[in-house]
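Convention: sequence-line order gives letters A, B, ...; per-chain numbering from 1. Just so it is clear, the model here is predicted, and its values are computed rather than measured.
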There are 2 protein chains.
Amino acid sequence: MSGPNTPIRNDCDECALASRCFPAFISVEKRFRVTQIITTNLTYDKTALLYRQGEKAKHIYIIKFGSFKTYISNPNGTEYINGFYMTGDIINMESVDQGIHLNSASALENSMVCKVSFLRLTILKDEFPTLANMAIKVYSQALALSQDLLKCISKQSATSRLATFLLIINRRQNIQNQDPDKIYLSMSRQDIANYLGLAIETLSRVFTRLNESGCIIKHNRHSDLSIHDRDLLQRYASGVEN
Amino acid sequence: MSGPNTPIRNDCDECALASRCFPAFISVEKRFRVTQIITTNLTYDKTALLYRQGEKAKHIYIIKFGSFKTYISNPNGTEYINGFYMTGDIINMESVDQGIHLNSASALENSMVCKVSFLRLTILKDEFPTLANMAIKVYSQALALSQDLLKCISKQSATSRLATFLLIINRRQNIQNQDPDKIYLSMSRQDIANYLGLAIETLSRVFTRLNESGCIIKHNRHSDLSIHDRDLLQRYASGVEN
DNA sequence: CGAATGATTGACATGGGTCAAGAACCGTGG
DNA sequence: CCACGGTTCTTGACCCATGTCAATCATTCG
């Protein structure tokens, strides 16, 4: 419910993400220009809204830590989750064209983001032409990811949907994780079920089945998992195993 | 099976798509530069392969007419369709980052494409900086579309999946269609079923149900439909109606 | 015209949705 | 720290939608 707090500091240089964010494409001497243009370190509490579907879209958001979901609300009250975003991801790239938020975004946990207006980004791009290459690179990545995620959902069985989902989440978290088998699910079961097109009860049952079969381990909190038998999980994902 | 034939002509000026393709962002006097860099009017016969998953990716492809599907082949032989592309669409934008084809693409009908190498596009971009804006616009659109398509699949019931799919296809075809209610499905039932995560028989049954309920009309060939009761189709899509 | 491929329909089995109850977890206040 | 209520997750029982298998019909192409 709470909005963003005031920025704490304006320094991209000591950001852990700098190497795969805007500064990476700009020489160290000129980086001060970036911090002039990017609003850094906005905090959002769990459940806080980043933006609302239908509003004018003016910024992209880079997640420094934490996670967000994006969702579409239908007139009849139903919601469709269409994306989960985590550390290092950029939110709202799909709205740059139309300038209107095509979905709403809310924080899944206490999170921190940096935001850049489309307009200022264009200014920066004219100053630093290499930035255009970066934009294309990042967009291409985002498209690849989005097609990858499609794989979860176009599968027929609930088991292979969840298995695929877990593998993709794991791969994305591995960029910052130390333990390569650890999975942290910041979203609720309801959100996952919605995203995968399953009933929450089915999802829960599949979780227990994956646990009993020994391919994943559930820890104390239901948001903490680890992959125990990656090979088996992969076979579930591809639908060979049931 | 057959490959591309030789280019017929090299002229973007008289192309119906020019207004929403590269030339649109370049002054008329300089357009000759575009035709020097783009390979225009390659023809692909039905079932012909545009590129193969795993190969080095060097080009994007603009569909002049016709349609293509992209699909991922799993080691165990199964295929997953992850996209349908039609007139005006650009194929392979997701591979620009990694430089490797993440899927295979094949023609669903006799089609014509223009292709541009990533490299030459970068050259052109340096010459015409506005092109970078176009790239971002096009990528943003592609992302928006891909999220839109996700809606089809994350729905629970087969009926709302197909209804959503038909509405999206219709909207995309309306850009060039005269009759706004006409739908032409160049892909097989098998392809649609695969894409929507349904069995082909279920899909077929849903088609008949949509037909019997009067919301779509099937014409002589199974690829030709029209929307008869758009409102009802929309209710099916949103899951209000069953 | 006939074979091959693709689409539809029918009969049956089952995975997963629905409803309901119970368990685990979380935040709040004492 | 524990007690309490609300929320979220899990489990069970039941049944329907959809997958599977098989037969038929339609369409395409030689």
With no hydrogens and no angle check, do the side chains of A/E79 and A/N74 hold a donor and an acceptor under 3.5 Å apart? no
Donor-acceptor pair, distance only, cut-off 3.5 Å: does the side chain of B/R230 make one with the backbone of B/C215? no
To the nearest angstrom, the CG-P distance between A/L198 and C/dT18 comes to 11 Å
Counting N and O atoms only, with roles assigned by atom type, does the side chain of A/T43 sit under 3.5 Å from a partner on the main chain of A/M112, one being a donor and the other an acceptor? no
Gap between atoms CG and P, on B/L210 and C/dT8 respectively (whole Å): 12 Å
Length of the OH-P vector between A/Y236 and C/dG15, whole Å: 13 Å
With a 4.0 Å heavy-atom cut-off, tell me which residues in residues 199-208 of chain A come close to DNA chain D, sorted by residue number. A/E201, A/S204, A/R205, A/T208
Report yes or no: is the cationic atom of B/K155 (NZ for Lys, CZ for Arg) closer than 6.0 Å to the six-membered ring centre of A/Y80, at no more than 45° off its axis? yes
So, A/Q173 side chain and A/Y184 main chain: donor-acceptor pair closer than 3.5 Å or not? yes
B/N211 CG to C/dA7 P, straight-line distance once rounded to whole Å: 16 Å
Do B/N82 and A/K151 pair up side chain to side chain, a donor and an acceptor below 3.5 Å, judged on atom types alone? no
Checking B/D89 side chain against B/M86 main chain: does a donor-acceptor pair fall under 3.5 Å? yes
Hey, does B/N92 have a side-chain heavy atom less than 4.5 Å from the side chain of B/Y51? yes
Of residues 149-165 of chain A, the positions that come close to DNA chain C - non-hydrogen atoms, cut-off under 4.0 Å: A/Q156, A/S157, A/A158
Take the protein atom CG of B/N194 and the nucleotide atom P of C/dG6, then report the distance between them rounded to whole Å. 14 Å
Lys/Arg-Asp/Glu bridge criterion (N-O < 4.0 Å) met for B/R52, B/E55: yes
Strictly by modelled atom types, are B/T87 and B/Q176 linked by a side-chain donor-acceptor pair under 3.5 Å? no
With a 4.0 Å cut-off (strictly under) to non-hydrogen atoms of chain B, the first and last hit nts on DNA chain D, 5' to 3', are D/dT18 to D/dT28
Between C/dT9 atom P and B/R189 atom CZ, what is the distance in whole Å? 11 Å
Atom pair distance, as rounded to whole Å: CG in A/L196 and C1' in C/dG17: 15 Å
Does B/K218 make a side-chain N or O approach to OP1 or OP2 of C/dT8 shorter than 4.0 Å? yes
For the pair made of CZ in B/R209 and P in C/dT8, what is the distance, rounded to whole Å? 13 Å
Determine, using ring centers only, whether B/F84 and B/Y195 are less than 6.0 Å apart. yes
